[in-house]
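Below: the structure, in structure tokens.
Heavy-atom basis, side chains included; hydrogens, waters and symmetry copies ignored. All ligand and atom numbering here is 1-based and tracks the order in the structure.
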Amino acid sequence: MIITGKITLKKGKEVSIQRFHPWIFSGAIQKMEGEVVDGCWVEVNDFKGKTLGFGHYQNGSIAVRMLSFDQAAPTDTFWETKLRKALNVRHASGLPSEVTNAFRLTHAEGDGVPGLVIDYYDGVLIVQAHSAGMHNDRHEIAAALKLVLPGLTAVFYKSQGSLPGKVRDNKEEYLLGLGAVPHVVVENKYRFLIDWEEGQKTGFFLDQRENRKLLGDFSKGKNVLNTFCYTGGFSVYALHAGAKLVHSVDASQKAIDLTRKNIELNGFSPELHECFAIDTFDFMKDKQDLYDVIILDPPAFAKHRDARHQAVRGYQRLNAETMKVIRPGGILFTFSCSQVVDRQLFYDTIVSAAIQAGRQIKVLHHLSQPADHPVSIFHPEGEYLKGLVLYVE
Ligand code: SAH
């Protein structure tokens, strides 16, 4: 890659970079030299002119996303090295395996590649850029993927929904090879259809893998309600674990169709499972004492800090309504994937919902994201998925 510009920080603003925090806010910048445009590579210096590292520039509140904290400029093997390191982290937790061939290969800041998310679906990689710099570098990244995963069959670029407005009009395309959708993967032995062309995000929510597995422990012989079900991931696990009946709810008809296909693909008869294309809040209204186990996995109610208050009210209402209707002795799996609602705030919101519902509640598990969604210890903002397993007396 070519480094086109240089950024010098204000005195004292080097400290967080020396501690490997990857973001430079626009207010920390003293001087910009050379060509500093959206998506370019820049060298970052401290106020004395000492090199702190290199990163992607983008005009905005986060002005630079650091990709290297070395003094030497990145070389041609930069992407290959980054991707190999990321793959090693997955290998360390046994991914991929005979029972699971779908996983997240890079999780942005958690893998030292802010702005880059790559999901692996049995030989097909879906690249999602969240910054102009990653968009510009997509072909180099695809070429490096080929070196790191020689068996891959396709690399699909899908960033329409994740890029900032200015660069968003770029179409979705295959960067390498071709893949046929839907594509079947296995997760903990269970089969799922992935449609990265039509589906939400990269086509599947890999971050719930461990939590779906845990749901199995609670599902045998139970009436299970899976709300915000998308591909029906939790529903498939509940059925495999021997649930008596499973109901899946999603506001999107496409999601419901996909859920139905996944239930079929796993060989379950339609008598055990029913789908409802409806808003969860409406569905929940007249469901008193019908379900023993309920999953609440809504989309991020807040994507930005200014929407946080509204989001907290949304979580509070959803959880309180659910706590009111669940059968005595019921189990509630409740989640938030809003980055701006941290673990403590989510917990406090659930306490407030419990008070409103007037039920006795015990916390059985604190849940999070799995090992293929790592969090850099220097970037705690990377922890986004929070969940609780609750026993409702
Ligand atoms: N639990 C899923 C992921 C959920 S993604 C999994 O394990 O894969 C969030 C889903 O919520 C999306 O499919 C979206 O269509 C759905 N959704 C959003 N708002 C909704 C609402 N008000 N009621 C029901 N579903 C909703």
Among all protein non-hydrogen atoms, which one is nearest to atom 1 (N) of ligand 1, and what is the separation to 0.1 Å?
-> D297 OD2, 2.6 Å

Given a cutoff of under 4.5 Å between side-chain heavy atoms of I, L, V, M, F, W and Y, with clusters grown through shared members, what are the other residues clustered with F20?
-> I7, L9, I17, I24, I29, M32, V36, V42, V44, L52, Y57, V64, M66, F69, I377, F378

For Q208 and ligand 1, does the shortest N/O to N/O distance drop below 3.5 Å?
-> no

Starting from atom 22 (N) of ligand 1, locate the nearest protein heavy atom and write down its residue, its atom name and how far away it is, to 0.1 Å.
-> D279 OD2, 3.1 Å

Let me see the working for E381 and H21 under side-chain hydrogen bond (donor to acceptor under 3.5 Å, both in side chains), right down to the final yes or no.
-> CA-CA 10 Å; E381 300 93 324; H21 192 283; 3.0 Å; yes

Does ligand 1 have any atom sitting under 4.0 Å from a heavy atom of G233?
-> no

Taking the minimum heavy-atom distance to atom 13 (O) of ligand 1, which of V236, L206, D250 ranks first?
-> D250

Option from L385, L214, L367 for which side-chain contact (heavy atoms from CB on, under 4.5 Å) with Q208 holds | L385

Name the closest protein heavy atom to atom 18 (C) of ligand 1, giving the residue it belongs to and the distance to 0.1 Å.
-> P299 CG, 3.5 Å

Electrostatic pair R209-D372, nearest N-O below 4.0 angstrom | yes

Ignoring angles and geometry beyond distance, decide whether P298 reaches within less than 3.5 Å of ligand 1 through its nitrogen or oxygen atoms.
-> no

Of all the atoms in ligand 1, which lie at a distance below 4.0 Å from a heavy atom belonging to S252?
-> 15 (O)

Ligand 1 contact by T227, heavy-atom criterion under 4.0 angstrom = no

Pair R317 + E321: basic N to acidic O under 4.0 Å = no

Among all protein heavy atoms, pick the one closest to atom 20 (C) of ligand 1 and tell me residue, atom and distance.
-> F228 CE2, 3.5 Å

Nearest to atom 25 (N) of ligand 1, what protein heavy atom do you find, and at what distance?
-> A251 N, 3.0 Å

Protein residue, atom and distance nearest to atom 8 (O) of ligand 1, heavy-atom basis = R212 NH2, 3.2 Å

Should the pair R90-D111 be classified as a salt bridge under the 4.0 Å nitrogen-to-oxygen rule?
-> yes

Min N/O separation N226 to ligand 1 under 3.5 Å | no

Which of the ligand 1 atoms, numbered from 1, are nearer than 4.0 Å to a heavy atom of Q200 | 12 (C), 13 (O), 14 (C), 15 (O)

Which of the ligand 1 atoms, numbered from 1, are nearer than 4.0 Å to a heavy atom of F234 = 7 (O)

Should the pair D119-R104 be classified as a salt bridge under the 4.0 Å nitrogen-to-oxygen rule?
-> yes

Between R212 and E187, is there a side-chain N and carboxylate O pair less than 4.0 Å apart?
-> yes

N or O contact, F205 vs ligand 1, cut-off under 3.5 Å | no

Kindly say whether I326 contributes a backbone atom to a donor-acceptor pair with the side chain of R359 at under 3.5 angstrom?
-> yes

Should T280 be counted as touching ligand 1, given the test is an N or O pair under 3.5 Å?
-> yes

Under 3.5 Å: donor-acceptor pair, side chain of Q356, backbone of A354 = no

Result of checking T4, N136, D137 against W41 for side chain to side chain donor-acceptor pair (under 3.5 Å) = D137

